[in-house]
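What follows is a set of notes on a single structure, which appears directly below.
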Amino acid sequence: MDLIKLADRLYPDITTFPEDMEKRYPKRNLPADAKVTRFAPSPTGFVHFGSLLPTRVSERLAHQSGGVMFLRIEDTDSKRYVEGAVENMIKTYDYYNIKFDEGATIDGDVGDYGPYRQSERKEIYQTYAKQLIREGKAYPCFCTAEELDEMRAQQEALDEDPGYYGKWAKWRDASDEDIEAALDGGIPFALRFRSEGNPSRKINFTDLVKGEVTVSENFIDHVILKSDGIPTYHFAHAVDDQLMGTTHVVRGEEWLPSLPFHIQLFKALGFRLPKYLHISQLMKLEDGNKKKLSKRDNEAAVSYFTEKGYSSEAVVEYIMTLLNSNYEEWRAANPDKPYTEFPFNVKKMSPSGCLFDEDKLNDVSRNTVSRMTADKVYNDVTEWAEHFDPELYSYLTADREKAIRIFSIGRGGKKPRKDITIWGDVKDYVSLFYDSLFKVIDQWPEEFSKSDIKAALESFIESYNPADDQSAWFDKIKVTAAELGFAPEMKQYKSEPEKYKGSVADISMFIRIAVTGRINSPDLYEIMSIIGAERVKARISAAVDSL
RNA sequence: GGCCCGUUGGUCAAGCGGUUAAGACACGGCCCUUUCACGGCUGUAACAGCGGUUCGAUUCCGCUACGGGUCACCA
């Protein structure tokens, strides 16, 4: 059959040509070195932690160069579609400060290169597919799923390469009569690419992350349009990234094996090939082996981190350190600059896969939180608690000033305290400041007599004056120590420990236990001034009574 | 199994022919210190193996081993 006729017979509704599409989507008007990147997820609703890496790379590449990053929804597989997934994804990425300039949004598409949902681009794909048929570069295949399964089984039995190619490609060179008959019989067909590739020929290709990659030409006649007329990923990738003007394709390394086919497709369509960045997968250690972070692992979902209360800033910091190892060094030199000022460099990306390290994340998170202002901590914790810890939320919102004073302890200055790693730590941290969360402990150090402890507490409470400044306050504790036969100065105690029952440190400990219910706490003086004299007295006398 | 990618301490990683092989996390010790935390100092610990090329290989090449990815009308 004449190829033009075949094209018309296969896709009679398509009256447009590739030129029409090129006109519909003119070249972007951007500075010469501006990069156009994209994120193209399928809307399953699940946001994988690992996806924060390629999206961050795309985001940095685009925004660092004055370019554009857009969101395209790859909803070509209707079986995968989950209601509300797109909205959820947009919100999640937004939380981690990945904002799309263009593409699918909650309120619909924004931008001149849409539609940005592949399910709405059928006419566009078929226009190009039809042209390929006219040029003899694509042909219909009427095989059923069962036939294809059988073919694979035979290939396996014969130990031959699996796939639809050469002598196995039943419809590649089918006669006109056979095609007519199948069409007349209404048999559904998929459109396959006619590959002229030779596996013994090698292509050298430069990936911006992996470097020089040598691959064999593709020789499989892959499906480009499924029998429902919807494209496969490969075809959609070529058409969309051409029309949308993508300059840099950032994707997981699992796409590397299909690269030869993509190169072939771009060439057949007359498209210019974008630059590629195939980035390694995030792994986890399991039974001594590196394993891909799979959906079953709870750390795989970003929601896991949100629920535990990792601040979005901390996660961004961690992702940046994974992406560019010199980021940490830069951060140490520039503790207060936004990460967007870091000169992100593709060349610093590692070609090998790395392990997700929770210890490292925690360390980064602690440091990130320690750099925040008390106001910022208050706002973020409150927002988190509203969703994940209503009780904490009620305490924080009942007295905002108090909460901010608590978060101010040891904050600011060169050596901030690092008590909080995740928002999930906060409740325990603040519990001693709220009577209903406060837990009295009955564990006094055994090396001291209860009467000494009692005497120390009584003496302290008698001399306690909330108006004292910190040194006056501590001097009184020293006096108490001396009166009870404890060394008022640590140095004295250390040089002649046998002369004393203990030291001022021990006296402080008694007071700390009585006031905070813990052996360790932030600065006692500040704690007392926050909870107030009344509460200090009440807690100490309760402790005295219990002794 | 075929094809592709990868391999420096427990982890993340500098290095890009000549280094006492950085640094960070984790772990241990010491110091500072009213506790804790912070901070400072310090310690343990690595070029997967074997062959080449070279005056000289962690660095270049090959093989092996191990790890990962991929072989759909899924993305």
Side-chain angles (χ1 to χ4, degrees), chain A residues 40-44 74-77 79-80 118 141 143-145 148-149 152 156 159-164 188-192 199 207 209-211 213-216 220 222-234 236-237 251-260 278 280-281 283 285 289-292 318 321-322 324-329 331-332 348 350-364 366 370 409-410 413-419 474 477-478 481 488-490 503-513 516 518-525:
Chain A
S42 65
T44 60
E74 308 237 333
D75 53 355
T76 54
D77 184 6
K79 288 189 286 289
R80 282 193 170 203
Q118 291 181 335
C141 165
C143 286
T144 61
L148 295 173
D149 286 344
R152 265 187 291 273
E156 201 176 322
D159 205 25
E160 292 193 26
D161 290 326
Y164 199 91
F189 66 90
L191 197 68
R192 285 184 184 271
D207 181 275
V209 175
K210 296 281 181 186
V213 177
T214 308
V215 286
S216 300
I220 308 279
H222 289 292
V223 169
I224 57 176
L225 285 186
K226 297 182 263 187
S227 52
D228 57 3
I230 297 284
T232 54
Y233 168 84
H234 314 288
H237 157 48
R251 50 159 53 157
E253 65 179 344
E254 69 270 22
W255 290 108
L256 210 45
S258 47
L259 189 65
H278 286 97
S280 309
Q281 306 253 310
M283 319 282 241
L285 200 60
N289 286 334
K290 278 188 179 182
K291 287 269 181 287
K292 189 169 153 182
Y318 178 62
T321 65
L322 284 182
N324 267 194
S325 64
N326 55 325
Y327 181 77
E328 278 190 272
E329 203 177 304
R331 171 54 75 206
K348 297 294 280 183
S350 170
S352 59
C354 61
L355 237 36
F356 169 75
D357 185 350
E358 194 162 355
D359 280 338
K360 185 71 181 182
L361 203 214
N362 286 338
D363 179 67
V364 170
R366 245 194 315 278
S370 78
I409 298 174
K414 273 219 141 315
K415 298 174 183 177
R417 291 188 65 89
K418 298 179 182 176
D419 299 294
F474 193 55
I477 296 178
K478 287 180 179 175
E489 299 292 343
M490 281 307 286
S503 72
V504 67
D506 299 309
I507 302 295
S508 299
M509 178 63 75
F510 305 154
I511 301 168
R512 169 171 289 106
I513 291 174
T516 69
R518 314 175 179 189
I519 301 195
N520 315 321
S521 77
D523 188 81
L524 238 195
Y525 177 79

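Side chains included, hydrogens not; waters and symmetry mates left out as well; all remaining heavy atoms used. This structure is a prediction, so every number in the text was calculated from the model and none was measured. Every chain is numbered from 1, with letters handed out A, B, ... down the list of sequences.
- Comparing B/C30 with B/A48, their C1' atoms sit 36 Å apart, to the nearest whole Å.
- When the P atom is compared between B/U11 and B/G67, the two are found 15 Å apart, to the nearest whole Å.
- Residues A/Lys210 and A/Leu256 meet the side-chain proximity criterion, which asks for heavy atoms closer than 4.5 Å.
- Under the 3.5 Å distance criterion, with hydrogens and angles disregarded, a donor-acceptor pair is assigned to the side chains of A/Arg251 and A/His278.
- Helical stems in RNA chain B, defined as runs of 3 or more consecutive Watson-Crick or G-U wobble pairs with both donor-acceptor distances under 3.5 Å, are listed by first residue as B:1-7 with B:65-71, B:10-12 with B:23-25, B:27-31 with B:39-43, B:48-52 with B:60-64.
- Contacts of A/Ser350 with the nucleic acid, taken as non-hydrogen atoms under 4.0 Å apart, involve only primed sugar atoms and P, OP1 or OP2.
- B/U53 and B/G69: their C1' atoms are spaced 32 Å apart (whole Å).
- Distance from the side chain of A/Leu148 is smallest to B/C73 among B/A75, B/A26, B/C73.
- Among B/A26, B/U7, B/C12, the nucleotide with an atom closest to any side-chain atom of A/Ser352 is B/U7.
- Nucleotides B/A13 and B/A45 place their C1' atoms 15 Å apart, quoted to the nearest Å.
- For A/Ser325, there are no side chain to side chain donor-acceptor pair (under 3.5 Å) partners at least two apart in sequence or on another chain.
- Taking the side chain of A/Val213 as heavy atoms from C-beta on, and the options B/C73, B/C5, B/U11, the nearest nucleotide is B/C5.
- Taking atom P in both B/G17 and B/U58, one finds a spacing of 13 Å when rounded to whole Å.
- As rounded to the nearest Å, B/U20 and B/C25 have P atoms that lie 26 Å from one another.
- Taking every side-chain heavy atom of A/Lys210 into account, B/C5 is the closest of B/U35, B/C5, B/C36.
- Look at CD on A/Glu328: it is 13 Å from C1' on B/A22, rounded to the nearest Å.
- Judged by distance alone, with hydrogens and angles left aside, the side-chain atoms of A/Ser370 form no donor-acceptor pair with the main-chain N or O of A/Pro416 at under 3.5 Å.
- Dashed line: the shortest gap from a side-chain N or O of A/Lys414 to OP1 or OP2 of B/G40 is not under 4.0 Å.
- Remark: A/Asp357 engages A/Tyr318, A/Asp359, A/Lys360 in a side chain to side chain contact (heavy atoms under 4.5 Å, CB included) (not counting sequence neighbours).
- Nearest heavy atoms, A/Ser280 versus A/Ser350: OG-O, 4.0 Å.
- Between the C1' atom of B/A37 and the CE atom of A/Met509 lies a distance of 13 Å, rounded to the nearest Å.
- Nearest-nucleotide mapping onto RNA chain B: of A/Ala40 and A/Val215, the residue sitting toward the 5' end is A/Val215.
- Contacts of A/Thr516 with the nucleic acid, taken as non-hydrogen atoms under 4.0 Å apart, are absent.
- Of the side-chain N and O atoms in A/Arg192, one or more sit less than 4.0 angstrom from OP1 or OP2 of B/C73.
- For A/Thr76, the side-chain atoms get nearest to B/A75 when compared with the rest of B/G68, B/C73, B/A75.
- Looking at the side chain of A/Thr232, the nearest of the listed nucleotides B/C74, B/C5, B/C38 is B/C74.
- One atom, CE of A/Met490, and another, P of B/U34, lie 7 Å apart when rounded to the nearest Å.
- For a distance-only test at 3.5 Å, the side chain of A/Ser325 fails to qualify as a donor-acceptor partner of the base of B/C12.
- Considering only the side chain of A/Trp255, B/A75 comes nearest among B/C12, B/C4, B/A75.
- In this structure, A/Lys415 atom NZ and B/A37 atom C1' are separated by 12 Å, rounded to whole Å.
- Taking only side-chain atoms of A/Arg366, from C-beta outward, the nucleotide of B/A26, B/C4, B/C73 with the closest atom is B/A26.
- Contact annotation for A/Pro199: no contact, since no heavy-atom pair falls under 4.0 Å across all strands.
- Taking only side-chain atoms of A/Cys354, from C-beta outward, the nucleotide of B/A37, B/C12, B/G6 with the closest atom is B/C12.
- Taking atom C1' in both B/U19 and B/U8, the straight-line distance is 14 Å, to the nearest Å.
- Rounded to an integer number of Å, the gap from CG of A/Asp161 to P of B/U70 is 18 Å.
- Between A/Trp255 and A/His234, the ring-plane angle classifies as perpendicular under the 30° and 60° cut-offs.
- For B/C36, the base has no donor-acceptor partner in the side chain of A/Arg512 [N/O atoms by modelled type, under 3.5 angstrom].
- Rounded to whole Å, atom P of B/U33 lies 16 Å from atom CG of A/Asp506.
- Here the separation of B/G10 from B/U54, taken at their P atoms, is 35 Å to the nearest Å.
- Around CD of A/Glu358, the count of heavy atoms belonging to other residues, nucleotides or ligands within 6.0 Å exceeds 12.
- Note: CZ (A/Arg251) to P (B/G69) measures 17 Å, nearest angstrom.
- Between A/Ala481 and A/Ile507, the shortest heavy-atom distance links the atoms CB-CG1, 3.8 Å.
- Where stacking is scored as ring centres under 5.5 Å apart with planes under 30°, A/Tyr233 does not register as stacked on the base of B/C74.
- Between A/Gln281 and A/Leu256, the residue anchored closer to the 5' end of RNA chain B is A/Leu256, taking for each the nucleotide with the nearest heavy atom.
- Considering all non-hydrogen atoms of both residues, A/Arg417 and A/Asp419 come closest at NE-OD2, 2.7 Å.
- Regarding contacts with the backbone of B/A13, every side-chain N or O of A/Lys360 stays at 4.0 angstrom or more from both OP1 and OP2.
- Atom-to-atom, CG of A/Leu259 to C1' of B/G69 comes out at 14 Å; the value is rounded to the nearest Å.
- When all heavy atoms of A/Pro522 and A/Ile409 are compared, the closest pair comes out as CB-CG2, 3.8 Å.
- Side-chain proximity of A/Glu253 to B/U34, B/C38, B/C5: nearest is B/C5.
- At the phosphate of B/A14, neither OP1 nor OP2 sits under 4.0 Å from any side-chain N or O atom of A/Lys348.
- Within 4.0 Å of A/Ala505, counting heavy atoms only, lie sugar-phosphate atoms of the nucleic acid but no base atom.
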